[in-house]
Each structure stands twice: as structure tokens, then as C-alpha cells.
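As C-alpha cells, the structure follows; a few thoughts come after it.
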Protein chains: 2
Amino acid sequence: MVERNVHKDSVIPLYHQLKEILREQIANKTFKPHEQIPSEPELQKKYGLSRATIRKAIDGLVREGLVYRRHGKGTFVAEPEGRQTITLDSFSANMRALGFVPSTQVLEARLLREEEPELAQKLGLEPGEQLVRLQRLRFLDGEPILLATSYLPASLFPGLDEEDLTGSLYLVLAEKYGVTPAWGEDFIEPAILSEEEAKLLGANPGSPALLVERHAYTADSDIVEVCFSLIRGDKAKFYLKHNS
Amino acid sequence: MVERNVHKDSVIPLYHQLKEILREQIANKTFKPHEQIPSEPELQKKYGLSRATIRKAIDGLVREGLVYRRHGKGTFVAEPEGRQTITLDSFSANMRALGFVPSTQVLEARLLREEEPELAQKLGLEPGEQLVRLQRLRFLDGEPILLATSYLPASLFPGLDEEDLTGSLYLVLAEKYGVTPAWGEDFIEPAILSEEEAKLLGANPGSPALLVERHAYTADSDIVEVCFSLIRGDKAKFYLKHNS
DNA sequence: CAACGCAACTTGTACGTACAAGTGGACAAG
DNA sequence: CTTGTCCACTTGTACGTACAAGTTGCGTTG
């Protein structure tokens, strides 16, 4: 087992290198849940860094919820969440991690010309530029939960409408096009299911639902996807954890 | 116009005092959107603090999305965009920062004995222990937006039902009881307004709304508050930004 | 034996310094 | 006029120190 260490001459900041080392050690259970990680002075000695740098690294892990501090006692590995923190990660992988069996039915996947100006503006499209419209129905344990309608700029993803999209969309984007969403925004509002939507979701028309509009971006803030998800209110809640 | 300043001998950390001062100045448009705020050296001189403390204060504002930094250029006030990043901070202060005029009507504030076992369990109450029930109607620019029903353990906050709660609840908790929520969880689901709720919120019965159940905790993971917020769907969306 | 106080650990806050790196304007050279 | 250099400014990273404050255990003292 090699002990990773920081590289003082790397372009990557030292605090970031240390953060990744600690994250790795938490992931591979070198430090187990509720176990104390080495104290700040110990980490100073071990990695030859100043306390400010050590703290900046741990600060990041605290914000991500991987560890928690106790004044006067130490820093400890957090309990892995049984619930789902909302992330940009794959819906499929997340749900499998929670013990569900996810599946997907592709309702539509085709190229369109710009239609609504509002949508074109959100996607940053030039007039007349093409976009991909993708409508998918997602199931957990065979039960329909979510109706997702995605729009992506066609210029970034040529031939996307021909791909197999019954799995993870983000996996296809990463593997076929080398594009990974780095950050995103969600707008959540309540909705009431129409006749058609209720039929697809196997629910009653007029029953409450959540409409989540997601905008996903690359690290360079290029838009990757605009997605409208309609979620059955009786089957799912939106969970969000925040650290201050 | 009095210029607020930090109090070196206060129990509240200097970086937190500065953060609140800057937040207030953003709220009252001393610094306008996309305007540059004073550089770190300037803030050092003005408040007599070290750069590390200045940066820690600004770090917090960056995380909340109130300002953004540009390497080599400066730090700038973010565009409000009418949306709110969900944080544990004061509703009032955040809304003021976005250019709204918030106000609050207290509908109820009283001591109760444990009622529902489910609620008592969420609050970690012993059988027979008392709790405070607090129901408040919150307005933006005079328009009712949100109906919040909070439950707090009475043992932690003696006399809370006698306090003035038309402002920030969290400010009262901090100043009178020395309790600051450090992290929290939200559970968001869609709802449909009942006759009574619609009346209070000035909306139509049967119209869609968001129900947000918030659990707030101290750094020691003691429960501070369980709050159910009913938000008018036609007036507000829930905004969430995530960085991966 | 019990209670208190102290020492040794932890993290929290705050100060100082230094240099790297990105930005933009002034200014001189071509 | 254009280009390139340099300088003055900004934020980013990293080092050091110091003391406050919470926790725990050990040992002394009553």
C-alpha cells in the first residue's frame, strides 16, 4: 500500500492535494465512520504543511459533509448518508446506491430547430441552431417516478439522438463527447399533473407534483443541458442537506 | 448614516461581524450588483483587521452567492436575479439583500406539551417535555409568500414565546440563547393549499404550493428547530445551486 | 474516597509575512 | 499605430506565530 503524498511543485494547490488524499482514505475506509482522523498538528508533521493549509483542506471536506469537527476533541469521519443529497451525479447510480432498481424508458429523442425563444436563450443558441430534445420516463423498482424532458445544444453532441439513452445520460456525455457537468442550478416549483402527464406516471390527474428545472454547466460555464423533471409528489421528496 | 464597525471585545467572531456588515451594505445598496466592493487591503485598513479575517468573512459571502471574486480584478456583488440560494441564514436579511422588503406577522407563539409522537421524536423530546410552537406569516413587499410553522424544544429556549419574533428568529436564538444553527436538512414536497391556508396566503384554495420541512441543528447536532414552510407556488420558486 | 485543579491535548480565532498569479494602464520602442 | 515591457493593483496560496476555548484524564488535596 503506497502512502500518497503532496507534491510541492505541482500546479495543483497543496490544500487541494491534501483534501483528495484524505477523501481517498475516507473512501477506502482507512478512516472509518465516526473514527477520528489525525489531528491538525499530526497532519502538519506528516505532510510538512502549515496548519492554515491543513485547515483549508479540512474546511472543504466539512462543507462537503465528509467529516465533522468537535471543538476540543477532534475531527471525525461523518456517517455516510442513507439519503440522497442532491447532486449532479447520475440518477441511476445514486438510486442503485440507495437500494432501488432504476430503469428508463425513452419516449423521444430527436433533433429540433429552435422553437421557443426562451428555451433557445437558456441554451445559448444562435437563431436557427439545432437542439436535441430528449424525453424519458424513469422508474424505481418498476414504478414510474419521474418524467424528464431534456434539451441539449446539438452542436456539442452530434448524433446524440442515435445513442442508447436507457442508462445514464451523463455517462454517455462523458464517454462519447468528453463533457462533464461541473456545476448546476435547480429551480423547484410545485405543479399539478395534467391528464397526459398523470397517464404516463400512473398517477391521478390533478395530483400534486414537483417540477424541477435544472441547468447544468461545464467547468467553463458552457451550458450542457436544460432539463425539466416532473416528479410524482406521492412517491418522492426532494432532499437537501446544507452545511454552513 | 452611521457606519457600523466591528467590536473587538464581542463574543461574536470578528469575521462573522464583518460578514454581517458587508451583507447589510449589499442589502441597502451601498454596494450595488456587479459593483466592486472594497479590496481586501482597503477593508484591512478600514476595519483594522488582518487579511486572513477579511478573507474568511468574504469566503462566507461567496459560498452564499452574495458576491463573487475575480482573480486579479476584485470582488463583486452578485446579481440577485430574484432567486435565493437556500441557506440557514436569516430569511429577512437574505431577502433584503435581494431587494425585497420582508415583514412578518406572528400568528401564534406558545408553549405546548408534546402532542404528536412523530414530532416529539423529531425534536428528541422526552415524554411530557414541553415545546414551543411558532406560526408566522411572512411577506415580501407586503405580499404574503410563506406560512412557517416552527417547533422548538422549550428546554433550550425558556421564555421564547414572550420574545419579539417579528424579525429574524435565528437572530433571537443567537443573541438571547447563544444558539446558532450550523447545518440542516430540507425535505421538499408539493402540496395543495387548503381553504384555511389559502386564506392566510391570499391565494386560491386548491392552488399548488411547496411544503418544505426543515430540520436545523447546532454544531453538536442538537436539534434546534423543526419548521414546516408552506410557500405559494405562484410567487416563489426554490432555488438551489450546486458545485461538484 | 471525592472533588478540585492543572496539564496536555484538541479545534477556533486572529494576527503577521511573503510570494505567485491574473488584470489593466502607462509608456517607450519599433 | 502596434507591440511589448513594466508597474501597480487585485486575489490566491502558503508559511509562521499566538492565544482562546472546549475536553479529558491524571494527580493532588481536603
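None of the values given here were measured: they were computed from a predicted structure. All values below were derived from every heavy atom in this structure, side-chain atoms included, with hydrogens, water molecules and symmetry-related copies excluded. Lettering follows sequence order; numbering is per chain, from 1.
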- Task: Establish, with yes or no, whether the OP1 or OP2 oxygen of C/dA14 is under 4.0 angstrom from a side-chain nitrogen or oxygen of B/S50.
- Result: no

- Separation of C/dC9 atom C1' from A/Q36 atom CD, nearest Å, is 10 Å

- Do the non-hydrogen side-chain atoms of A/F238 and A/I188 ever get within less than 4.5 Å of each other? yes

- Between B/R51 and B/K56, name the one whose nearest nucleotide on DNA chain C is closer to the 5' end. B/K56

- Item | A/T75 vs C/dT11: side-chain N/O to OP1/OP2 distance below 4.0 Å | yes

- Query: Rounded to whole angstroms, how far apart are CD on B/E35 and C1' on D/dT10?
  - Reply: 17 Å

- Query: C/dT11 P sits how many Å from A/I58 CD1, rounded?
  - Reply: 7 Å

- Message: Could you tell me how far apart B/I54 (CD1) and C/dC15 (C1') are, to the nearest whole angstrom?
- Response: 12 Å

- In whole angstroms, the gap separating P of D/dT13 from CD of A/Q17 amounts to 12 Å

- Task: Go through the side-chain N and O atoms of A/Y217 and A/E225 and say whether any donor and acceptor fall under 3.5 Å apart.
- Result: no

- Name the nucleic acid region contacted by B/Q44, choosing base, sugar-phosphate or nothing; use a 4.0 angstrom heavy-atom cut-off, strictly under. nothing

- Item | Below 4.0 Å: OP1/OP2 of C/dT13 and any side-chain N or O of B/T53 | no

- Tell me which nucleotide among C/dA14, D/dC15, C/dG12 gets nearest to the side chain of A/E40. C/dG12

- Task: Return the value, rounded to whole Å, for the distance between atom NZ of B/K19 and atom C1' of C/dT13.
- Result: 15 Å

- Task: Would you indicate whether the side-chain heavy atoms of B/V77 and B/H34 approach each other to under 4.5 Å?
- Result: no

- Message: D/dT24, OP1 or OP2 - any side-chain N/O from A/K73 closer than 4.0 Å?
- Response: yes

- Once you round it to whole Å, what is the distance between C1' of D/dC9 and CZ of B/F76? 12 Å

- Message: Ring-plane angle category for B/F76 and B/Y68, please: parallel below 30°, perpendicular beyond 60°, tilted otherwise.
- Response: parallel

- Message: What contact category does B/R70 fall into here, base, sugar-phosphate, or nothing, at under 4.0 angstrom with non-hydrogen atoms?
- Response: sugar-phosphate

- Message: Tell me the interatomic distance from B/K8, atom NZ, to C/dA14, atom C1', rounded to whole angstroms.
- Response: 8 Å

- Query: Going by heavy atoms in the side chains, are B/T104 and B/L165 under 4.5 Å from each other?
  - Reply: no

- So, is A/R69 near the phosphate of C/dG12, with a side-chain N or O under 4.0 Å from OP1 or OP2? yes

- Note on the structure: Per atom distances to the A/R55 side chain, the nearest of C/dT10, C/dT13, D/dT10 is C/dT13

- Check whether any side-chain nitrogen or oxygen of B/Y15 sits under 4.0 Å from OP1 or OP2 of C/dA14, and answer yes or no. no

